[in-house]
Amino acid sequence: MTGADIDAPSGAPRFDGRRGRWVGASVPRREDPRLLSGHGRFVDDIQLSGMLHAGFVRSTVAHGRITELDLSATREVEGVVAAYAAADLDLGDIVALLDRPPEEFVPTAMPILARDKVRFVGEPVALIVARDPYLVEDGIEAAVVTYESFGAIVSEESAFAEDAPLVHEEAAGNVLLDVSMFDTPGVDAAFEAAGSGQGCVVDVVTRSGRQNALPLETRGVVASWDDRDEQLLVQTCTQVPHQVRTVLARSLRVPERTVRVTVPDMGGGFGQKCVVGREEIAVAAAARLLARPVKWIEDRREALTAGFLAREQRYRTRAAFDPEGRITALDVDVVCDMGAYSCYPFTAGIEPLMAAAEMPSVYQVPAYRVRARAITSNKAPTAPYRGVSRPQYVLAIERVMERAARELGIDPVEIRRRNVITEFPYTGVNLVTYDPGTYRESLDLAEATLRDEGWYEVRERAAAEGRHIGIGYCCFSERTGYGSEAFAKRKMKVVPGFDISEIRMDLTGSVVVTSGTMNHGQSHETTFAQIVADRLGVHVDKVKLRQGDTERIAYGWGTFASRSVTIGGSAVSVAAGRLGELLCTIAAHLLETRPDNVRLDGDGGVVQIDDPARRLSFEDIADVAYLRSHLLPKDVEPTLSATASFDVAGDGTFSNATHAVVVEADPGTGQVKILRYACVEDCGVVIHPQVVDGQCRGGIAQGIAGALFEEVTYADNGEPSAASFIDYLVPTATEIPDISVSHLETPCAFTENGAKGAGEGGTIGAPAAVLNAINDALRHTGVELDATPVHPRAVLAALDGAGQSQIPPRKEASTRS
């Protein structure tokens with residue numbers, strides 16, 4: 001099936017919108033000249049007359065009651081304009097809700113500033129506003145806060161302990177979510193059969209460390225009050241401007257029309273900025289009270305310790321296999337540490353619900369049981385981070401495949417071949433329908449790549465020489481284009497999904513198109529222009545994208561979950577198609593022919609089909625529409641504009657990929673070096689190959705970071721370990737290998753442009769592929785690792801436990817491989 005085989009829902013005429021002049025071409029990116037020449041405009045670049053600066057007094061204890069908060073000395077610091085505690089601002093809390101019974105979900109109210117109790121180190125307690133950022137720091141130091149400390153919850157074990165203190169009094173056992181989503185018939189029978197010698201049962205416990213999304217640009221906001229418009233302008237770096245407006249208006253208890261949120265250029269988000277933070281609301285409230293612009297820019301220490309974190313999860317995965325290596329049942333227990341509060345709008349259910357719903361991954365699992373829990377702890381709250389539980393549940397199921405292959409004596413690639421989904425559409429035991437993909441094909445091509453390059457021979461020669469080289473694979477899917485139906489299945493009170501686009505043509509034949517998505521590094525200005533250019537048949541330079549302004553766009557859900565091209569791009573495409581239909585209607589009238597006798601000609605105009613010499617340019621049509629409207633058909637209004645919304649029905653669509661990795665492990669130092677990284681992916685129609693390759697490579701780099709380097713740990717008292725890059729290890733270009741990306745292409749039937757999402761796949765596959773390669777490298781030592789990140793000390797400790805440490809006395813392991 002090709003893109004041309006699938007008609008647009010609107011039935012509008014178009015110039016081959018999926019396989020035209022622009023879609024599929026790596027055209028020069030529109031954003032690059034501005035950003036690379038230093039002409040980008042980020043939040044911290046904004047300077048307004050009379051602007052003040054803000055900072056936060058933050059909790060120094062992880063769990064305790066505020067017994068004293070004295071800001072009197074702060075208010076006397078020269079240059080300090082205001083100091084606010086929670087009572088001074090009187091703001092409504094941020095509350096994220098699921099429509100689930102109390103035994104399944106416990107909502108938590110996140111105050112904008114802590115009132116009586118603090119729940120993590122770094123929680124904002126007071127807001128200080130001063131003439132410059134240095135005076136803000138002086139004001140923060142002058143604040144007096146004392147606490148009655150309680151015991152801190154810093155692990156699953158401490159959360160579930162019998163005498164554990166409660167992070168939230170209403171959350172018994174420190175559990176925010178507890179659901180058993182599936183328990184299909186046949187689970188117990190499958191395990192009984194496999195355990196009686198008819199196959200095997202594997203039991204794997206996998207863990208992932210807590211991570212920071214680490215966007216290059218930290219969070220920030222500039223808020224100002226406009227007396228003339230009676231409107232609060234909030235300029236912030238967020239992936240979800242409309243949600244910020246909604247929560248801000250509710251917290252301030254004002255109509256939404258009095259709040260305008262705009263987003264300038266943004267230096268990354270990765271999901272950390274797709275939730276609503278309390279700091280931007282506090283700063284906006286201060287600007288409204290003071291009637292002066294106020295700016296807050298998060299410093300890196302705040303970003304590492306008090307910003308939204310992610311990832312910390314534990315999976316106990318039991319799987320039954322028959323003698324041929326086919327999985328017969330899966331039984332999973334998932335625990336996700338979500339930190340101190342639920343994030344808005346996704347709640348604490350974002351990660352455990354994702355894992356439970358999609359855990360079978362790309363495999364044909366006939367029987368499935370899962371329990372998923374979200375626990376609360378005295379750590380910074382969790383927000384979605386690129387992949388959202390998929391790196392973790394994929395790690396779990398891929399470790400299961402590796403373990404079963406070893407138990408049954410089957411090649412690790414072959415056991416995957418016997419289990420991957422090959423016939424589509426496929427409805428899984430999890431009641432999710434998977435659209436056509438290339439699961440088997442990507443696996444075969446990835447394996448062929450390493451075999452053809454001779455890596456299997458390299459591995460065997462290295463073993464004979466006493467070196468430890470291993471090969472690892474990860475086969476997975478990335479669910480993208482989550483529509484309203486998919487999110488509604490989670491029983492969210494706020495249900496994301498649709499997107500809206502408006503397109504307008506001017507007298508020169510140029511168009512401006514809006515989208516409710518939000519670019520933060522994905523080249524939307526280029527890719528959306530390509531979609532419109534092919535749909536209308538105009539040059540890509542004639543298309544301008546507008547995003548990130550709640551005044552221009554009625555409503556939008558922003559950018560997350562690889563939804564921009566699938567949903568936002570589809571809305572843009574439908575709107576462009578409707579504009580094309582309007583252009584054809586007007587042209588047919590002016591050419592005195594039937595509407596079905598004209599079409600967009602692909603060169604900025606409309607042509608008469610039966611007489612190609614008769615043609616009107618878009619400029620000709622616009623001249624009539626705007627300047628000589630008396631010539632228009634009677635039922636056509638004098639405008640060249642169209643609006644469209646788009647939502648993906650059902651379960652959305654699935655991109656897929658296989659990652660193949662070769663590593664070398666040094667048993668003397670514990671260091672791991674990646675020698676080869678190959679990615680074979682299928683994200684449907686590729687709009688801009690260079691952009692997609694960049695998304696794959698960037699995602700893989702973040703996945704490698706989670707596999708080998710990045711981790712936030714906590715002391716028993718809740719003090720975070722990583723307050724700077726000295727402690728929080730981030731890979732550099734030296735540690736990230738060259739990454740080859742190969743594309744397969746299965747056009748999507750559910751999106752207007754045939755594309756599936758490509759934003760998260762790299763991150764999803766990397767941890768499992770790298771960990772599997774490490775275990776293969778250590779296959780002769782008896783060591784098997786099931787947790788990430790794999791620091792050198794973890795390798796050495798495992799080898800010591802297996803009696804395999806080869807170089808006594810041990811050298812101090814380097815922090816980087």
Side-chain angles (χ1 to χ4, degrees), residues 1 181-182 184 186-187 190 317 319-322 324-330 332 354-370 389-391 393-402 404-405 410-448 473-482 486 489 562 648 650-660 679-684 743-750 756-758 760-761 764-765 768-769 772:
M1 179 181 291
M181 292 179 62
F182 302 98
T184 63
V187 174
T317 308
F321 287 81
D322 68 17
E324 286 73 43
R326 290 182 177 85
I327 193 168
T328 57
L330 196 62
V332 189
M354 170 83 80
E358 300 180 20
M359 179 78 189
S361 188
V362 296
Y363 300 112
Q364 302 176 71
V365 176
Y368 180 43
R369 175 189 296 146
V370 61
S389 276
R390 285 167 288 189
Y393 76 67
V394 166
L395 177 73
I397 194 72
E398 290 295 293
R399 291 300 304 138
V400 162
M401 288 294 166
E402 293 282 319
I410 301 172
D411 178 80
V413 174
E414 177 58 29
I415 199 170
R416 289 175 170 86
R417 285 197 185 96
R418 297 179 187 183
N419 285 283
V420 294
I421 302 164
T422 55
E423 295 183 6
F424 300 94
Y426 174 84
T427 299
V429 70
N430 53 349
L431 305 181
V432 170
T433 299
Y434 300 76
D435 63 331
T438 50
Y439 301 171
R440 172 72 178 266
E441 295 85 348
S442 69
L443 180 62
D444 289 345
L445 182 54
E447 184 195 31
Y473 293 90
C474 175
C475 189
F476 66 95
S477 63
E478 174 194 357
R479 189 179 185 183
T480 73
Y482 289 84
K489 287 182 179 180
S562 298
V648 174
D651 294 321
T653 185
F654 289 81
S655 298
N656 68 271
T658 296
H659 290 192
C679 167
V680 180
E681 72 86 42
D682 184 346
C683 64
H743 298 285
L744 302 174
E745 191 169 295
T746 308
C748 178
F750 306 136
K756 305 176 182 181
E760 300 178 286
I764 294 168
N772 286 337

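For this chain, numbers begin at 1 and follow the sequence in order.
Proximity of H659 to F476: side-chain heavy atoms (C-beta onward) are separated by under 4.5 Å at one or more points. Side-chain contact between I415 and F321 is present, with heavy atoms from C-beta onward closer than 4.5 Å. Inter-residue side-chain proximity for R390 and R479 is flagged as met; some heavy-atom pair is nearer than 4.5 Å. Side-chain atoms of K489 and D651, non-hydrogen and from C-beta on, do get closer than 4.5 Å to each other. Residues V429 and P366 have side chains not in contact (no heavy-atom distance under 4.5 Å, counting atoms from C-beta outward). V413 has its side chain within reach of Y473: a pair of non-hydrogen atoms, C-beta onward, lies under 4.5 Å apart. Taking the side chain as every heavy atom from C-beta outward, S477 and Y439 approach each other to under 4.5 Å. Residues T658 and C474 form no side-chain contact, since every pair of their non-hydrogen atoms from C-beta on lies 4.5 Å or further apart.
Using a distance-only test at 3.5 Å, with no hydrogens or angles considered, no donor-acceptor pair links the side chain of S389 to the main chain of M354. Side-chain atoms of N430 come within 3.5 Å of backbone atoms of A357 as a donor-acceptor pair (strictly under, hydrogens ignored). In terms of modelled atom types and a separation under 3.5 Å, the side chain of E423 and the main chain of P425 share no donor-acceptor contact. With hydrogens and angles disregarded, a donor-acceptor distance shorter than 3.5 Å links the side chain of T184 to the backbone of Y368. A distance-only check finds a donor-acceptor pair linking the side chain of E478 to the backbone of E760 [under 3.5 Å].
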- Message: Apply side-chain contact (heavy atoms from CB on, under 4.5 Å) to residues F654 and V362 and explain how you reach the verdict.
- Response: CA-CA 10 Å; F654 289 81; V362 296; over 6 Å; no
- Under the side-chain contact (heavy atoms from CB on, under 4.5 Å) rule, what do M359 and L330 come out as? Steps first, then yes or no, please. CA-CA 9 Å; M359 179 78 189; L330 196 62; 4.1 Å; yes
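Considering CZ of R417 and SG of C475, their distance stands at 10.5 Å, rounded to 0.5 Å. The distance from atom CD1 of I764 to atom OG of S655, rounded to the nearest 0.5 Å, is 9.0 Å. Taking CZ of R418 as the start and CD of Q364 as the end, the distance is 13.5 Å to the nearest 0.5 Å. Atom CZ of R440 sits about 13.5 Å away from atom CG of N656, to the nearest 0.5 Å.
Y434 and Y426 have tilted rings, their planes meeting at an angle from 30° to 60° on a 0 to 90° scale.
One side chain, D435 or T653, offers a donor N or O that lies under 3.5 Å from an acceptor on the other. In this model, no donor atom of one side chain and acceptor atom of the other lie less than 3.5 Å apart for N419 and R326. Residues S562 and T480 have side chains that never bring a donor and an acceptor to within less than 3.5 angstrom of each other. Using modelled atom types and a 3.5 Å distance limit, the side chains of Y393 and E398 yield no donor-acceptor pair.
Taking all atoms of both residues into account, the shortest heavy-atom contact from Y363 to I397 is CD1-CG1, 3.9 Å. Closest heavy-atom contact between A190 and A320: O-CB, 3.7 Å. The shortest non-hydrogen separation linking L395 to A768 is CD1-CA, 3.6 Å. Nearest heavy-atom pair, S442 versus A657, reported as atom, atom and distance to 0.1 Å: OG-C, 3.9 Å.
Under a 4.0 Å N-O distance rule, the pair R416/E402 qualifies as a salt bridge. Between K756 and E681 there is no salt bridge, since no side-chain N of the basic residue sits under 4.0 Å from a carboxylate O of the acidic one.
When D682, D444, T746, T422 are each tested for a side-chain hydrogen bond (donor to acceptor under 3.5 Å, both in side chains) with T438, only one passes: D682.
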